[in-house]
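As the structure is a prediction and not an experimental result, all values here were calculated from the model. We name chains A, B, ... by the order of the sequence lines, and we start the count at 1 in each one.
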Amino acid sequence: MLKLRLYIAGDAPNSLRALANLKALCRDSLASVHELEIVDVLRDPQRALADGVFLTPTLVKFAPAPERRIVGSLSDLPPVLDALGLTGA
Amino acid sequence: MCISRGCALSGEWGAYWNMVANMLRFLPGSAAAEELMAGNDGQRSGEITKAPTGIEGLDEATRGGIPQGRTTLVEGGPGAGKTVLVLQSLVHAARDLNEPGIFVAFEEHSTQIEVNAAGFGWDLPTLRRKHLFFIDAQPKSDLIQSGDFDLRGLLAALDATIDRSKARRIAFDSIDVVLALLGDAASERREIYRLHEWLLARSLTAVITSKSGPDRAGRQPIAFMQFMVDCALSLEHRVVQTVSQRSLRVLKYRGTEFNENEVPFSIGPGGFDVASMQINAQPRAPVGHERLSSGVPRLDAMLGGGYFRGASILVTGAPGTAKSSLCAAFADAACRRGEATLLVSFDSDASEIVRNTGSIGIRLDRHLTRGRRAGLLQIAYARAVIGSAETHLTRIIEIARTHRARCMVIDPVSALSQAGNSATGHGVAERLIDWAKDHGITLLCSSLLAAAAPDVEGTSLRISTIADTWVHLHYLVRGGERNRGLSIVKSRGTAHSNQVRELLLSERGITLADAYIAGGEVLMGTLRWEREQADETARREVDLAERDSRRNLLSEEADLVVRLADLQIQLDSKRAKLDALGRAVTLRRDQAATRKSGRQSRRGADADSPKPRHVAR
C-alpha cells in the first residue's frame, strides 16, 4: 500500500500549492488504496527534527520501499510520478 | 543593579558579561536578566557588542569578536577551515562561556564532525549533552525536486531547538549546499533574506559559512550575503612552493574598527590559531634588571652580567661557528637554575643534540625527562621543510605553553623562512619574539648567515632589529687555520664589550679567549699563540738591555762621584797654595819698604823731595 506524508509550513503559499497539487494527484492518479498524512512543521516542529525534514514542502513516500523524498510544491508532475512509481499506471 | 557597559566588550570582560547574562537568563521573570539581555544584545542603543570566538588572533583582528546578536559570514574555498572556525567558536561559547549553541550541518554529518573535533581535543559528546546541539540537515543525494520550496521547515525546527536549549549562538555550515538546491537567484536571495530576518528577530549571534566565488551555475549568492551581514570574514588557503599558507581577513565589520590586513593562521593541534598582529596590545611581562647567565662566564662578563630576563637574543653566524653550542650552553644554564626550558631544533633530534653537546662538556641529558621524573628541558625537533612557518609557530607556542617554559631556544630561527616560507618567515619570527616577550620568556634564537663576513651582519629574517642582544660568531681564516670569533653587535641596556673574542670549544665547555690585536689585526689560534710568544721574547730582551744599561750608568755615576771628590781635594790644595803665595808677596813688599825708609832716614834725605819720574817708570 502506498504510504505518503506531506510536511508543510502552515499556510505558506508553496505549502498550500503542494497540498492542492497532491490532492489533485490523489484524485486523478491514485485510485488504489493509499494512506496520506499531513504534518504542519510550524505546529509540530519536533516531527520535522525527528524526521530530518527541513525544506518545506516535502513529500515523503515510506512504502513501498525504498523511501523517496520530493521537495517543492509538486507543480512539476513527471518527477513526482516517477518517484512514486506511478509512471506505468 | 548598575553595571557599566562599554561599546566593545572583549576578552575576559566579554566572557564575564556573557556568563553573567547567561546565568540570569535562566531565572524566570528576573528583571535584571531582561535588562541585561536587552543591553547585551546591543540593539537598543545601537552599540555593537561583541561575542568572543575564543580564537585569540581572530578576536584581536575583530577587536573583541563577532557581532553579538548579528550575523557573520565566513567564506572560503574547500579546506580553508570554515567548519573548524565556526565549530571552535561554538565550542568556546559552550565550554568556556556557558553559552549554548546550535550547529546546523548542511555538509558533514554530526558524527563525522564529532570525530574531527576529537582530533582538536574538543569533547563534543560531553558538550552535546548540555550546551551544543547539532542539526543534521544534509540534503539527501536522491532528493527529488518538483517546484518551489523554502527553509521554513528548518526555521520551525530551529525555533523548537532554541526553546529547548536556550541557545544564543548558531552556525550554518555551509549554506551554499542548500542554496544550490534552490535553483535560481531570486529564490536564493529570498531564502538568504528569510534566514537573516529570522536570525535578527531572535538576536542570535550567527555564523554562516559559504564557499567563496560563484556557484556551479555561475551565480553569486555570496555577494548578496556579504552585503547583508554585519561582519564578513574570508579564509584563504594557498600553496606557495609546496608549503601550505593559510590566511584570514576581515572583509567588513559594520560599526566598528577592525584589522583590515590579511592575518596568517594555521590549524594546529588545538584548532584555529590566528596570528596575533597587534604590537604592545597586551600588557607585557614586567621589565626587570635580572641577568641570566649565557652559560659562558666570559660572555656574561662581556654582557655586563648576562642576558636580561625576558630579552630576545639573536646569535648569528655561518655554519659551524658554534651557534648550537651557545644555544645548548644557555639551555643548560637555564635548567641548572631550575627553569623549565624548551629547545626547538630544526637541525637535529634530541639524541643527536645530547650527543653533540656532550662532546663539549654540556650534559643536557641530565635535564631531560627520565622515566617518571619530569625533566626541566624539553627538546623539540621540527623539520623545516614540513609545514608552513605558521604551523611551526603554532606548534612551538603550544609546546612552550604546555611545558611552561621560562627560557626558550630556537635553533635556527632562519629555518622558518626556508622553502615556501620566505614571504611569511619574517613575520612569524617577529611574532614568536613578541609572544615570548609578552610572556616574559627569555628567547635565544640562532640564525644562519650565508656570508661569514661581519660587515654583512644582516640576518635573512631581519629580526636583528627587534632582538635585544645580538651576538655574532664568525670565522677568521689565516695561516691555514679556521678560528671562531665572537663579538657583541648590540645589547640593549647594557654597556657591553666591543672586543672580538676568540671562542674555544673543548671537552670542558665553551671558553672565550682575548683575541690578540696587533697592528689593527685580530689574531687567533696558533697565530695568536706565536705572536704572543714572539712578543714575550722581545719584551724580555728589552728588559735585559734596560737592566744592563742601568747598571752601567750606575757604575759610571759612582766613578764620577769619586772623581769629583778627588778633584775637589786638588782644587782645595791649589787654592791653599795660591793663598800662601799671595801672603809671601805682601810680606816681601812690606820688608822692602821698611828697608828703603830706614836707608833714607839714615842718609838724612828730604822727605818731601819728588821722586825722579824716570826712575819710577
*Asks:* Is it the case that atom CZ in B:Phe227 sees more than 12 heavy atoms from other parts of the structure closer than 6.0 Å?
*Replies:*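 No, CZ of B:Phe227 has 12 or fewer neighbouring heavy atoms, counting only those of other groups under 6.0 Å.
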
*Asks:* Could you have a look at A:Leu55, A:Ile70, A:Val71 and say which one has the most heavy-atom pairs with chain B under 4.5 angstrom?
*Replies:*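 If we count pairs closer than 4.5 Å to chain B, A:Val71 comes out on top.
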
*Asks:* Counting heavy-atom pairs under 4.5 Å to chain A, which of B:Gly147, B:Ala157, B:Ser146 comes out on top?
*Replies:*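 Among the listed options, the one with the most contacts to chain A is B:Ser146.
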
*Asks:* Less than 4.5 Å apart, side chain to side chain, heavy atoms only: is that true for B:Ile192 and B:Ile208?
*Replies:*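 They are not in contact (no side-chain heavy atoms under 4.5 Å apart), so the answer is no.
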
*Asks:* How far apart are the C-alpha atoms of A:Arg47 and A:Glu37, what are their side-chain angles, what is the distance that settles it, and do they pass the salt bridge (charged side-chain N to carboxylate O under 4.0 Å, His left out) test?
*Replies:* CA-CA 12 Å; A:Arg47 286 287 293 275; A:Glu37 186 191 2; 3.0 Å; yes

*Asks:* Please flag which part of B:Val104 lies under 4.5 Å from any non-hydrogen atom of chain A: side chain, backbone, both or neither.
*Replies:*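 B:Val104 has no heavy atom closer than 4.5 Å to chain A.
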
*Asks:* Do we see a donor-acceptor contact under 3.5 Å between the side chains of B:Thr209 and B:Asp173?
*Replies:*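 Yes.
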
*Asks:* Counting heavy-atom pairs under 4.5 Å with chain A, which one of B:Thr161, B:Ile144, B:Leu154 comes out on top?
*Replies:*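 Option with the top pair count is B:Ile144.
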
*Asks:* Between B:Asp142 and chain A, which part of the residue has a heavy atom less than 4.5 Å away: side chain, backbone, both or neither?
*Replies:*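 It is both, since atoms from each part get that close.
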
*Asks:* If you compare all heavy atoms of A:Asn21 against all heavy atoms of A:Ser73, which two are closest, and at what distance to 0.1 Å?
*Replies:*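 Looks like ND2-O, 2.6 Å.
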
*Asks:* With a 4.5 angstrom heavy-atom cut-off, is it the side chain or the backbone of A:Arg17 that approaches chain B, or both, or neither?
*Replies:*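 Contact with chain B is through the side chain of A:Arg17 alone.
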
*Asks:* Check whether B:Leu155 gets within reach of chain A through its side chain, its backbone, both or neither, counting any heavy atom under 4.5 Å.
*Replies:*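 For B:Leu155, there is no contact with chain A at all, as no heavy atom is under 4.5 Å.
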
*Asks:* Does B:Trp198 offer a backbone N or O that forms a donor-acceptor pair with the side chain of B:Arg202 under 3.5 Å?
*Replies:*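 The answer is yes, because a donor-acceptor pair under 3.5 Å joins these two groups.
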
*Asks:* If we ignore angles and hydrogens, is there a donor and acceptor under 3.5 Å between the side chains of B:Asp150 and A:Thr56?
*Replies:*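 A donor-acceptor contact under 3.5 Å links the two side chains.
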
*Asks:* Between B:Leu151 and chain A, with a heavy-atom cut-off of 4.5 Å, which part of the residue counts as in contact: side chain, backbone, both or neither?
*Replies:*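 Contact with chain A involves both backbone and side-chain atoms of B:Leu151.
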
*Asks:* Given the options A:Pro79, A:Gly72, A:Ala83, which has more heavy-atom pairs under 4.5 Å with chain B than any of the others?
*Replies:*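 The option with the most such pairs is A:Gly72.
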
